[in-house]
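Below is one structure; the comments refer to it alone.
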Amino acid sequence: MVITAKQEALVVNSWNEMKDDAPTFALKFFLRLFEIIPSAAKRFSFLRDSNLPLDKNTKLKAHAMGVFVMTCEAATQLRKTGRVNVGANTSVQHLASVHFKAGVADVHFEVLKFALLETIKEAVPYMWSEELKEAWSESYDHLVVAIKNEM
Ligand code: HEM
């Protein structure tokens, strides 16, 4: 198994603590990505065409939530089957194609991981540990590798 039962529990338990405010946290880690790499925002068609402030953009929030939820779900999928399954409404191939066409690069995925972990640390400081960080990192890495392998 690529993820242990303990790692899955760490991810799921911390998710349960964060889930009520998950859209806010998700937006926060995307805004952090754009602080570090401002040009990353231009990858999104709906940001190029919009005058709305980033924190009011519902499509950005929806994408951010998708990343957060899929990373959490990956922990359970990896523990159960050893593989990432991105869900019934999409496929890894589709996600790879969308990200490739939008010009999403390795550095975007890497900085997003940093921002995700930093946000979780700030959201649940009382749960934070090296093990929790490792558990979320593993889930995220496997999800991203699955997408990048098809890109
Ligand atoms: C689109 C997931 C990371 C940029 C999408 C979609 C999903 C998704 C579900 C919608 C696909 C569709 O149209 O059917 C993920 C996951 C990620 C990830 C799971 C990481 C684990 C990133 C990163 C960027 C990014 C790091 C960097 C900027 C985009 C863009 C689109 C997109 C530009 C197309 C949006 C548009 O213009 O309509 N992503 N994403 N994604 N994602 Fe991601």
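Values below: all heavy atoms of this structure, side chains included; hydrogens, waters and symmetry mates excluded. The first residue in the sequence is number 1, and the count goes up from there. Both counts, for ligands and for their atoms, begin at 1 and track the order of listing.
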Worksheet item: Does any non-hydrogen side-chain atom of Val67 lie less than 4.5 Å from one of Phe29?
Response: yes
Item to complete: Please write down residue, atom name and distance for the protein heavy atom closest to atom 28 (C) of ligand 1.
Response: Phe44 CE1, 3.6 Å
Discussion item. Do Phe114 and Glu118 make a side-chain contact, defined as non-hydrogen atoms from C-beta onward lying under 4.5 Å apart?
Written reply: yes
Worksheet item: At a 4.0 Å threshold, what atoms of ligand 1 neighbour a non-hydrogen atom of Met70?
Response: 19 (C)
Fill in: Pairing of Glu122 and Lys28 as salt bridge, 4.0 angstrom limit
yes
Worksheet item: Which ligand 1 atoms does Val144 reach within 4.0 Å, using its non-hydrogen atoms?
Response: 21 (C)
Worksheet item: Considering only heavy atoms from C-beta outward, does the side chain of Arg79 approach that of Gln7 to under 4.5 Å?
Response: no
Response to the item:
For Phe46, the ligand 1 atoms with a heavy-atom partner under 4.0 Å come out as 35 (C), 36 (C), 38 (O)
Practice prompt. Give, for atom CG of Leu33 and atom CD of Glu110, the distance between the pair rounded to the nearest 0.5 Å.
Written response: 11.5 Å
Worksheet item: So which heavy atom in the protein is nearest atom 3 (C) of ligand 1, and how far is it from that ligand atom?
Response: Phe109 CE2, 3.6 Å
Worksheet item: By number and element, which atoms of ligand 1 are closer than 4.0 Å to a non-hydrogen atom of His108?
Response: 26 (C), 27 (C)
Discussion item. Test of understanding: with salt bridge (charged side-chain N to carboxylate O under 4.0 Å, His left out), list the residues that count as partners of Asp141, not counting sequence neighbours.
Written reply: Lys113
Worksheet item: Looking at CZ of Phe44 and CG of Leu54, how far apart are the two atoms once the value is rounded to the nearest 0.5 Å?
Response: 10.0 Å
Practice prompt. Hey, can you tell me if His99 and His63 have their rings parallel, tilted or perpendicular (30° and 60° cut-offs)?
Written response: tilted
Worksheet item: Should you measure from each heavy atom of Ser45, which atoms of ligand 1 turn up under 4.0 Å away?
Response: 36 (C), 37 (O), 38 (O)
Practice prompt. Decide whether the shortest distance between a heavy atom of His94 and an atom of ligand 1 is less than 4.0 Å.
Written response: yes
Worksheet item: Any idea which atoms of ligand 1 are less than 4.0 Å away from a heavy-atom of Tyr140?
Response: 21 (C)
Worksheet item: Counting no waters, what protein N/O/S atoms lie under 2.8 Å from atom 43 (Fe) of ligand 1?
Response: His63 NE2, His99 NE2
Discussion item. As an exercise, identify every atom of ligand 1 less than 4.0 angstrom from a heavy atom of Arg43.
Written reply: 33 (C)
Item to complete: Without swapping roles, check the side chain of Glu150 against the backbone of Val92 for a donor-acceptor pair under 3.5 Å.
Response: no
Worksheet item: Where is the tightest heavy-atom contact between Leu10 and Ala135, given as atom of each residue plus distance?
Response: CB-CB, 4.2 Å
Worksheet item: Do the ring planes of Trp136 and Phe68 sit parallel (below 30°), tilted (30 to 60°) or perpendicular (above 60°)?
Response: tilted
Worksheet item: Within a distance of under 4.0 Å, is there any protein heavy atom near atom 10 (C) of ligand 1?
Response: no
Practice prompt. Under 4.0 Å from a heavy atom of Leu143: give me the atoms of ligand 1 that qualify, with their elements.
Written response: 19 (C), 21 (C)
Worksheet item: Side-chain contact, heavy-atom cut-off 4.5 Å: Val111 with Phe34?
Response: no
